[in-house]
Amino acid sequence: MDLTEGDIDALVTWSLIRAAHRAQRELTAVFAEHGLSPVQFGVLSHLATGAEFTQAQLAREVLVRPQSMSGVLDGMVARGLITRGSERSKGRRNPLALTAAGRELLAVVWPAVREANRPERLGMSEAEVAALNGVLLRMVEGSR
C-alpha cells in the first residue's frame, strides 16, 4: 500500500493524537516548574470547582484508573495540598478538599496554563480555539 502525507494527515484521530502529544509535552513542562504532574493539576482544578467527588469519579475526570488514584491523593495529602475527610471506609464517600496551600499553588500555576492556551501560542485565532474546544468537548462527552 502506498500512502501520501495527505493520506496520513486526513486521519483526524491520528492528527488528534499528534496534537495531544505536543500539548501534553508543553503543559507537563509548565506543571513540572511548579512541582506538579498533569494528574495532580487535574485534581487541584476539579476540587477547586467546589464539587464533591468520590475517588473513582475524580480518577475518571483526570484520566487515570481508580486504583492509581489512591497513591496520587496520598502524595497530595502528604504535601499538604488536599485533605481527606475523616470517614474512610470501602464504598463510602471520602470527601476531598483543597487546603490553603493547594489553592495557593493552583493560583500560581493557573496563569501559566492559561498562557499556554493563548490562541497565538497554539497558532490559531480565538474563533478557531473556541471551535476546536467545542468539538473536543463533544468528543469527550460522547465517550462517557
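Quick caveat, the model's predicted, so the values are computed rather than measured. Throughout, numbering of the chain's residues begins at 1 and tracks the sequence.
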| field | Separation of Leu36 CG from Leu27 CG (nearest 0.5 Å) | value | 12.0 Å
| task | Could I get the full list of side chain to side chain donor-acceptor pair (under 3.5 Å) partners for Glu5, not counting sequence neighbours? | result | none
| query | Among all residues two or more places apart in sequence or in another chain, which pass the side-chain contact (heavy atoms from CB on, under 4.5 Å) test with Val62? | reply | Val39, Val43, His46, Val64, Met69
| query | What closest approach, in Å, do Ala59 and Pro66 show between heavy atoms, and which atom pair accounts for it? | reply | CB-CA, 3.7 Å
| If you look only at pairs with a residue in residues 97-106, which of them pass as a side chain to side chain donor-acceptor pair (under 3.5 Å), with sequence neighbours excluded? | none
| Are Trp14 and Leu136 connected in a single hydrophobic cluster, I mean Ile/Leu/Val/Met/Phe/Trp/Tyr linked by side-chain heavy atoms less than 4.5 Å apart? | no
| note | Those residues at least two apart in sequence (or on a different chain) that pass side chain to side chain donor-acceptor pair (under 3.5 Å) with Thr49 are none
| field | Minimal non-hydrogen separation, Asp7 against Leu3, with atom names | value | OD2-CA, 3.5 Å
Could you go through residues 105-117 and list every donor-acceptor pair under 3.5 Å that involves a side-chain atom there, pairing it with any protein atom two or more places apart or in another chain?
from, atom 1, to, atom 2, distance (Å)
Glu115, OE1, Arg118, NE, 2.9
Glu115, OE2, Arg118, NE, 2.9
Glu115, OE2, Arg118, NH2, 2.9
Asn117, ND2, Val113, O, 2.7

| task | Give a yes or no on whether the backbone of Ser37 and the side-chain of Gln40 come within a donor-acceptor separation of less than 3.5 Å. | result | yes
| query | Can you name the nearest heavy-atom pair linking His34 to Arg79, along with the distance? | reply | O-NH2, 4.1 Å
| query | Roughly how far, to the nearest 0.5 Å, is CG of Leu63 from OG of Ser68? | reply | 12.0 Å
| query | When you look at CD of Gln67, are more than 12 heavy atoms from neighbouring residues, nucleotides or ligands closer to it than 6.0 Å? | reply | yes
Which donor-acceptor pairs under 3.5 Å do the side chains of residues 16-26 make with protein atoms, sequence neighbours left out?
from, atom 1, to, atom 2, distance (Å)
Arg18, NH1, Asp9, OD1, 3.2
Arg22, NE, Glu26, OE2, 3.0

| Can you name the nearest heavy-atom pair linking Thr28 to Pro38, along with the distance? | OG1-CG, 3.5 Å
| task | Return the set of residues passing side chain to side chain donor-acceptor pair (under 3.5 Å) with Ser125 (not counting sequence neighbours), or none when no residue passes. | result | Glu128
| field | Distance, nearest 0.5 Å, that separates CG of Leu96 from CD1 of Ile82 | value | 5.5 Å
| remark: Taken in chain and number order and not counting sequence neighbours, the residues that satisfy side-chain contact (heavy atoms from CB on, under 4.5 Å) with Ala130 are none
| query | Same cluster for Val77 and Leu44 if Ile/Leu/Val/Met/Phe/Trp/Tyr side chains link at under 4.5 Å? | reply | yes
